[in-house]
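Report on one structure; see the data block that follows.
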Amino acid sequence: MFAGGGVEIEAVWVPPGTFWMGSSQTEGEPGYDPEAYEDEAPRHEVTIPHGFWLGRFPVTNAQYQAYVAATRAQEPFSFRDAAFSGPNHPVAGVSWHDAVAYCRWMAGTGTTVDLPTEAEWEWAARGE
């Protein structure tokens with residue numbers, strides 16, 4: 001569990017491990033995906049050397065609103081759009097810089113909170 005500024009985020013432990021990331025664009029090769037984008041190649045082995053904690057769910061509007069209220073950060077569009085504004089909806093319209101600032105604010109309690117790398121995200125999403 002991460003806690004900061006009155007916000008609690010449920011977290012799960014993602015163990016270290018090794019996996020194949022990306023796709024091959026050559027038919028017959030392992031990892032071949034005819035619909036893969038060019039930037040997904042080449043297929044390569046990735047090792048996540050250390051386990052890490054990852055939020056079980058996306059950050060919600062309610063969680064992000066606590067940050068906005070505490071820091072006077074700019075509200076994302078999701079707060080004003082009925083299709084995205086539910087308190088338990090994932091926050092939308094947040095830039096990478098906004099997300100990093102949110103992590104820094106959450107880390108104010110002394111707990112390190114950071115965004116996962118692309119490889120960490122893919123490894124966690126695989127659930128292996």
- Message: Show the nearest heavy-atom pair for residues Ala36 and Ser23, with the distance to one decimal.
- Response: CB-CB, 3.6 Å
- Any side-chain heavy-atom pair of Val7 and Tyr102 under 4.5 Å: yes
- Query: Parallel, tilted or perpendicular: which fits the ring planes of Phe79 and Tyr64, with parallel below 30° and perpendicular above 60°?
  - Reply: perpendicular
- Query: How close do Phe52 and Ala124 get, heavy atom to heavy atom, and via which atoms?
  - Reply: CZ-CB, 4.5 Å
- CD1-CZ distance between Ile9 and Phe57, expressed to the nearest 0.5 angstrom: 11.5 Å
- Query: Which pair of non-hydrogen atoms, one from Trp20 and one from His44, has the smallest distance, and what is that distance?
  - Reply: CE3-C, 3.4 Å
- Item | His50 atom NE2, neighbour heavy-atom count above 12 within 6.0 Å | no
- Message: A side-chain contact here means heavy atoms from C-beta on lying under 4.5 Å apart; do Glu118 and Met21 qualify?
- Response: yes
- Considering residues, nucleotides and ligands other than Arg72, do more than 12 of their heavy atoms fall under 6.0 Å from its CZ? no
- Do you reckon Val91 sits in the same ILVMFWY cluster as Phe84, going by side-chain contacts under 4.5 Å, direct or chained? no
- Query: Would a distance-only check, ignoring hydrogens and angles, find a side-chain to backbone donor-acceptor pair under 3.5 Å from Trp123 to Pro15?
  - Reply: yes
- Got a sec: does the CZ of Arg104 have more than 12 other heavy atoms crowding it under 6.0 Å? no
- Contact check, side chains of Val14 and Glu120, non-hydrogen atoms, under 4.5 Å: no
- So does Glu45 have more than 12 non-hydrogen atoms from other groups sitting under 6.0 Å from CD? yes
- Answer yes or no: is there a side-chain heavy-atom contact under 4.5 Å between Trp121 and Leu54? yes
- Query: Any side-chain heavy atom of Gln25 sitting closer than 4.5 Å to one from Glu40?
  - Reply: no
- Between Phe77 and Ala92, what is the shortest heavy-atom contact and its length? CE2-C, 3.8 Å
- Minimum heavy-atom distance between Pro58 and Pro90, given as atom pair plus value: CB-CB, 3.9 Å
- Task: Decide yes or no for Asn61 and Pro87: does some side-chain heavy atom of the first lie under 4.5 Å from some side-chain heavy atom of the second?
- Result: no
- Task: Check whether any side-chain N or O of His97 sits under 3.5 Å from a backbone N or O of Ser95 as a donor-acceptor pair, and report yes or no.
- Result: no
- Query: When clusters are formed by joining ILVMFWY residues with side-chain heavy atoms under 4.5 Å apart, either directly or through shared neighbours, do Leu115 and Ile48 land in the same one?
  - Reply: no
- Item | Student check: side-chain heavy atoms of Tyr67 and Gln63 closer than 4.5 Å | no
- Donor + acceptor pair across side chains of Asp81, Ser78 (<3.5 Å): no
